[in-house]
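The structure under discussion appears below in the form of structure tokens.
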Number of protein chains: 2
Amino acid sequence: MERLQTAGIQPTRQRVHIAQVLLTGNQHLSADQVLEKMKHTGKPVSKATVYNTLGLFAARGILREVIIDPARVFYDTNNTPHHHVYNTVTGELSDIDLRHVLSEQLPELPEGTELEGVDVVIRVRPVR
Amino acid sequence: MERLQTAGIQPTRQRVHIAQVLLTGNQHLSADQVLEKMKHTGKPVSKATVYNTLGLFAARGILREVIIDPARVFYDTNNTPHHHVYNTVTGELSDIDLRHVLSEQLPELPEGTELEGVDVVIRVRPVR
DNA sequence: ATGACACTTTAGACAAAGTCTATATAAGCC
DNA sequence: GGCTTATATAGACTTTGTCTAAAGTGTCAT
Ligand SMILES: [Mn+2]
Ligand SMILES: [Mn+2]
Ligand SMILES: [Zn+2]
Ligand SMILES: [Zn+2]
């Protein structure tokens with residue numbers, strides 16, 4: 001509730017409910033998985049509301065969109081800065097600390113643009 | 001032709017045609033853009049063949065899939081190792097040299113997996 | 001050449017993710 | 001309560017991409 005308020009989000013029944021279900025433990029969930037989760041809690045939320053809410057939470061920094069799979073967006077409840085290892089065969093997605101990957105200095109950004117974020121994806125597959 | 005042969009790809013009429021249109025200059029094109037391009041060359045290629053061919057070229061290392069936009073996959077004709085700057089508002093996508101971004105040492109990969117690739121995306125937006 | 005078999009192309013049906021619209025609910029305020 | 005605005009909802013719709021079944025093309029042995 002407070003987290004939503006702080007982020008300037010009206011804490012409606014559905015939003016609070018989604019927040020409660022999601023913001024426990026670090027997870028990477030698709031919209032469809034969230035929709036499904038809500039169904040099983042006894043208080044289902046409509047598809048449109050799930051999409052609206054995930055989009056809103058992402059825009060306000062409560063969730064992070066992870067664009068890693070051509071077929072769906074994942075929503076990341078770990079909102080500390082970090083990067084990802086993605087197993088393109090099993091679909092397993094895990095977090096890695098960003099210090100291990102990035103050098104401290106980014107290249108110059110294009111004229112008239114500002115940084116929004118840096119995403120690093122290490123794609124792996126099962127051996128053999 | 002030779003490039004396809006070398007990559008173990010049967011150089012059919014359609015595949016050669018697509019290769020000729022794409023492999024001139026560095027571009028980032030969606031499947032739909034490729035389909036459209038082929039229409040305007042006088043020798044159209046079917047949608048299924050465009051998707052099949054792009055997938056095949058990517059699997060054989062002739063093209064590279066860039067998963068950067070939740071709505072479509074881009075195919076990258078620059079097959080040297082590099083990374084990307086993506087303007088999430090304008091959709092502009094440009095290449096950057098990978099040395100500027102990555103430290104030399106990757107973290108340990110999960111057990112039983114091997115590296116497939118590392119993708120770095122610097123997301124930017126217009127100022128103001 | 002002819003036939004046999006595998007590989008490729010194609011149109012269009014289909015699937016899945018996500019968006020939009022119009023209406024109904026709910027919330028905030030007096 | 002009554003008013004106003006924000007949000008939720010069902011379901012139609014759009015877009016990207018996949019699949020299927022049929023036809024076309026290539027390759028090879030005979
Ligand atoms: Mn689904
Ligand atoms: Mn299109
Ligand atoms: Zn994560
Ligand atoms: Zn590129």
Side-chain angles (χ1 to χ4, degrees), chain A residues 1 4-5 7-22 28-39 41-60 62-76 88-89 91 93, chain B residues 1 4-5 7-22 28-39 41-60 62-76 88-89 91 93:
Chain A
M1 278 270 304
L4 300 190
Q5 305 265 27
I9 296 171
Q10 268 208 17
T12 65
R13 192 156 37 79
Q14 290 86 344
R15 288 169 180 171
V16 170
H17 186 206
I18 290 174
Q20 283 172 339
V21 171
L22 291 195
H28 305 98
L29 298 171
S30 69
D32 204 62
Q33 288 176 312
V34 173
L35 182 59
E36 211 55 41
K37 245 179 199 282
M38 303 319 286
K39 277 185 194 154
T41 59
K43 288 194 271 176
V45 175
S46 74
K47 184 171 82 154
T49 297
V50 167
Y51 275 93
N52 288 342
T53 300
L54 292 175
L56 179 64
F57 284 8
R60 302 299 170 81
I62 299 219
L63 291 176
R64 178 168 148 196
E65 286 188 347
V66 181
I67 297 164
I68 216 171
D69 183 299
R72 69 192 63 74
V73 171
F74 288 107
Y75 290 88
D76 192 338
T88 55
V89 175
L93 175 57
Chain B
M1 279 268 306
L4 300 190
Q5 304 263 27
I9 296 173
Q10 267 209 16
T12 65
R13 195 158 33 81
Q14 290 87 343
R15 288 170 180 169
V16 171
H17 187 206
I18 291 175
Q20 283 172 341
V21 171
L22 290 194
H28 305 97
L29 298 170
S30 68
D32 204 61
Q33 287 175 312
V34 173
L35 182 59
E36 211 55 41
K37 245 180 199 282
M38 303 319 287
K39 276 186 195 154
T41 59
K43 288 195 270 176
V45 175
S46 73
K47 184 171 81 153
T49 297
V50 167
Y51 275 94
N52 288 343
T53 301
L54 292 175
L56 179 64
F57 284 9
R60 300 299 169 82
I62 298 220
L63 292 176
R64 179 169 145 192
E65 288 189 346
V66 181
I67 296 164
I68 215 170
D69 182 299
R72 68 192 61 74
V73 170
F74 288 107
Y75 290 88
D76 192 338
T88 55
V89 174
L93 176 57

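Everything quoted here is computed from the prediction, not taken from an experiment. Chain letters run A, B, ... following the sequence lines, proteins first, then strands; residues in each count from 1. Hydrogens, waters and symmetry mates are skipped; everything else that's a heavy atom, side chains included, is used.
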Check: What integer distance in Å separates B/Ile18:CD1 from C/dT9:P?
Finding: 8 Å
Note to self: Taking the minimum atom-to-atom distance to the side chain of B/Gln14, which one of C/dT10, D/dT9, C/dG18 wins?
What the structure shows: C/dT10
Item checked: Presence of B/Thr12 side-chain N/O under 4.0 Å of C/dT9 phosphate oxygens OP1/OP2 -> yes
Notebook entry, point to check: Roughly how many Å is it from CG in B/Asp69 to P in C/dT19, rounded to a whole number?
Noted result: 11 Å
Next item on the list: Please state how far atom CG in A/Asp32 lies from atom C1' in C/dA17, giving the value in whole angstrom units.
Entry: 8 Å
Check: Taking all atoms of both residues into account, what is the closest heavy-atom pair of B/Arg15 and B/Gln10, and its distance?
Finding: NH1-O, 3.0 Å
Notebook entry, point to check: Which atom names give the shortest non-hydrogen contact between A/Ile67 and B/Ile68, and what distance separates them?
Noted result: CG2-C, 3.8 Å
Notebook entry, point to check: For B/Leu29 and D/dG17, what is the distance between atoms CG and C1' respectively, to the nearest whole Å?
Noted result: 17 Å
Checklist line | Minimum-distance nucleotide (side-chain atoms of A/Lys47 versus C/dT9, C/dT19, C/dA11) | finding: C/dT19
Check: Which comes earlier along DNA chain C counting from the 5' end, the contact point of A/Val73 or that of B/Arg13, where each point is its nearest nucleotide?
Finding: B/Arg13
Checklist line | Distance (rounded to the nearest 0.5 Å) between B/Arg60 CZ and B/Ile62 CD1 | finding: 9.0 Å
Margin query: Under 4.0 Å from OP1 or OP2 of C/dG18: is there any side-chain N or O of A/Tyr51 that close?
Written below: yes
Check: If you take all heavy atoms of A/Lys43 and A/His17, which pair is closest and at what distance?
Finding: O-CE1, 2.9 Å
Checklist line | Of A/Asn52 and A/Pro70, the one whose closest DNA chain D nucleotide lies more 5' | finding: A/Asn52
Next item on the list: Please state whether the phosphate of D/dA6, meaning OP1 or OP2, lies under 4.0 angstrom from any side-chain nitrogen or oxygen of A/Gln10.
Entry: no
Notebook entry, point to check: Rounded to the nearest Å, what distance is computed from the CG atom of residue B/Leu54 to the C1' atom of nucleotide D/dT16?
Noted result: 13 Å
Margin query: Output the rounded distance in Å from CG (A/Leu35) to C1' (C/dT19).
Written below: 15 Å
Notebook entry, point to check: Atom CZ of A/Arg15 and atom P of C/dA26: how far apart are they, to the nearest Å?
Noted result: 15 Å
Check: Where each residue is assigned the nucleotide of DNA chain D containing its nearest heavy atom, which of B/Ala31 and A/Thr53 is assigned the position nearer the 5′ end?
Finding: A/Thr53
Next item on the list: Would you classify A/Thr49 as touching base, sugar-phosphate or nothing, given that sugar-phosphate means primed atoms plus P, OP1 and OP2, and contacts are heavy atoms under 4.0 Å?
Entry: base
Note to self: Nearest whole Å is fine: how far is C/dT19 P from B/Arg72 CZ?
What the structure shows: 12 Å
Notebook entry, point to check: Nearest to the side chain of A/Ala48 - C/dT10, D/dA10, D/dT16?
Noted result: D/dA10
Margin query: Can you confirm whether A/Gln14 sits close enough to A/Thr53 that some side-chain heavy atom of one is under 4.5 Å from a side-chain heavy atom of the other?
Written below: no
